[in-house]
Amino acid sequence: MRTAMRKTALFSEESFIKALRENDEAVIGRIYKLYFPMVLHLVVVNSGTEDEAKDIYQEAFIVLYESLQRPDFQLRCSIKTFLYSVSRNHWLKRLQAKKVKTDLKDVEEFIPFVEDSVSIENEARLVMVEAAMQRLGEPCRTILEDYYLNEMSMADIAEKMGYTNADNAKTQKYKCFNRLKKLIEEMK
Amino acid sequence: MKTDEQFRLWDKIERYVEGNMEVEEYLAFEKEIASNPNLAKQITDYQALRISLDLLKKRKQFRAKLDQFHAKMDSLEQQVALRVYKNRNNWRIYMSKYLPTIAVAASVALITVLSTLFTLGYLKSIERSQQSNLKLLRRELDQIKRDIRNTKDTLSKTMPRATVAPQRFEGTCFAVSQKGHLITSYHLVAKADSVFIESTTQPGLRYRVELAFGDSQTDLAVLKIVDSSFTAFNKIPYALRKSAIDLGEEVFTLAYPKNDIVYGEGSISARTGFEGDSAAYQISIPVNPGNSGGPVFDKNGNIIGVVSGKLLGAEGVAFALKSSAIWHILKDSVPNELEAIFDLPKQSKLMGQKRTVQLKKIQDYIFQVKVY
């Protein structure tokens, strides 16, 4: 009886949402494990590999996670359906990019427009920033990535990149930042 | 603005956004932002990109965490999970594919069962109502019967009986003694009110007869003329054959299947009768109900049997009680009267004569039996 209650408490939808909002790693890990077979099946059935399935699933999981981080976001369906619908859309996009085929064999119920406008906008901006980063070239990319994405200190970066001091590295970072901004503006 | 100055300002903005400023510097910078819209715009520009970068950072960190989860997943466990998922999914696909069929089959079965039950109940109710109708009819019939009986009683009381009771059976008999003994089938005369014999060859001849002997087992009856107008027959020409008769022997009959005497001929087709009855022959002569009790003669005019019946559904299959059997039955049953009953010549007087002559001599001793 007690174990049954604990189990339902651990696996209820509300507890999952709460865990995702509050960054409860243990529960997030459990959710991750729970729905991966579904997306794996979807991708494999639709001429994808296991690695591609992992990629797609993680993308969808990130959309779920980031959406739930926003206080205004309301989940309109179950976590499972959300993950499936997003995975499905992303895999469809990839298939279209590959120009393999555009029809998809579904293995679950799905919601066609599952991602809200805010997350789509954010996504578009992030994709642009990532693309600009890729086009940035060295040493700018490494410096910006290490500082803004990897949380390295300027002293460490200076040492890693062979600058005499942190200030020189900072000046370089400033130049790179501006170049990135310019690249993004060009891309718009 | 010199590059160095621009850098200093940008660095200040970054430190301000990151929260890496001393309190005094922070407050002073806030004042500056408030008074300098250009600075405020620069900060907004910085923030636009910085938010994206922060999001990317968070995403990267989260993705690393997901990779950790993924790595923790046992590959075997994953395969099992996938199989379980697939099977569950197959079931779902199967159901979605066959659910309509299953539903149709189930509903047909349900409808069949319900309609059968309904029909049975309905039929039963019809039956019940019919039964009650039947009972009602019978009751009405009984009432009508009672009424008729009452009317009859009244009529018979008030009026003298003028009508003759309707004739029930007709058959044939033949004389076996000059004193008026005749042989026929027992079934003709059993339970008879009154029996008369008539002859079409002797117009106006009509004698009242009584049952002298009867045996339902062998269907043999001996009649005796009890009419006051009767004196005696002339000498009977035919004899009773007591010896066995051969298969295929030619035989003939003379009887009254209709209101006239009819001749028929055939042969002995079996030594036993119906269902192997050893007291009878099977003869191949077309017979009709009126033939019952009629004599069967051999070609020399000896009586070899009495027609008793025919097999239904088969043509030309008739049965006749053997003359030897007649003799033995009577000898066993009425030994004292045997001589009185049988007053036949020892030998047939018809031997070697033409059939037409035989018939002319025989016909006057064959009579129509009328039972009332």
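Each chain gets a letter, A, B and so on, in the order its sequence line appears, and its residues count up from 1. If you're wondering where the values come from, they're calculated on a predicted model, not measured in any experiment.
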So how far is it from [X] [atom1] to [Y] [atom2], rounded to the nearest 0.5 Å?
X       : Y       : atom1 : atom2 : answer
F7(B)   : D167(A) : CZ    : CG    : 6.0 Å
N178(A) : L49(B)  : CG    : CG    : 9.5 Å
D4(B)   : T171(A) : CG    : OG1   : 7.5 Å
K170(A) : W10(B)  : NZ    : CH2   : 9.0 Å

Closest non-hydrogen atom pair, [X] against [Y]:
X       : Y       : result
L126(A) : S52(B)  : CD2-O, 3.2 Å
L66(B)  : F61(A)  : CD2-CD2, 3.6 Å
L53(B)  : L149(A) : O-CD2, 3.2 Å

If the threshold is 4.0 Å, N to carboxylate O, is there a salt bridge linking R63(B) and D55(A)?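 Judged by the 4.0 Å cut-off on N to carboxylate O distance, R63(B) and D55(A) do form a salt bridge.
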Between [X] and chain B, with a heavy-atom cut-off of 4.5 Å, which part of the residue counts as in contact: side chain, backbone, both or neither?
X       : value
I28(A)  : both
M128(A) : neither
Y147(A) : side chain
F177(A) : both
E66(A)  : side chain
E25(A)  : both

Among K54(A), K173(A), Q69(A), K181(A), who wins on heavy-atom pairs under 4.5 Å with chain B? K54(A)
Heavy atoms from other residues, nucleotides or ligands near [atom1] of [X] exceed 12 (cutoff 6.0 Å):
X       : atom1 : value
E18(B)  : CD    : yes
E159(A) : CD    : no
E22(B)  : CD    : no
E138(A) : CD    : yes
K33(A)  : NZ    : no

Evaluate the ring planes of H70(B) and Y32(A), with Trp represented by its six-membered ring, and classify them as parallel (under 30°), tilted (30 to 60°) or perpendicular (over 60°). perpendicular
Of the listed residues (K58(B), K60(B), K72(B), K65(B)), which shares the most heavy-atom pairs with chain A below a 4.5 Å separation? K65(B)
Side chains of Q6(B) and Y174(A), heavy atoms from C-beta outward: is any pair under 4.5 Å? yes
Answer yes or no: is there a side-chain heavy-atom contact under 4.5 Å between Y148(A) and L56(B)? no
Can you find a side-chain donor-acceptor pair between Q61(B) and E151(A) that sits under 3.5 Å?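 Side chains of Q61(B) and E151(A): pair found under 3.5 Å.
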As a test of understanding, state which of E123(A), E59(A), E130(A) forms a salt bridge (charged side-chain N to carboxylate O under 4.0 Å, His left out) with R59(B).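 When salt bridge (charged side-chain N to carboxylate O under 4.0 Å, His left out) is applied between R59(B) and each of E123(A), E59(A), E130(A), only E123(A) qualifies.
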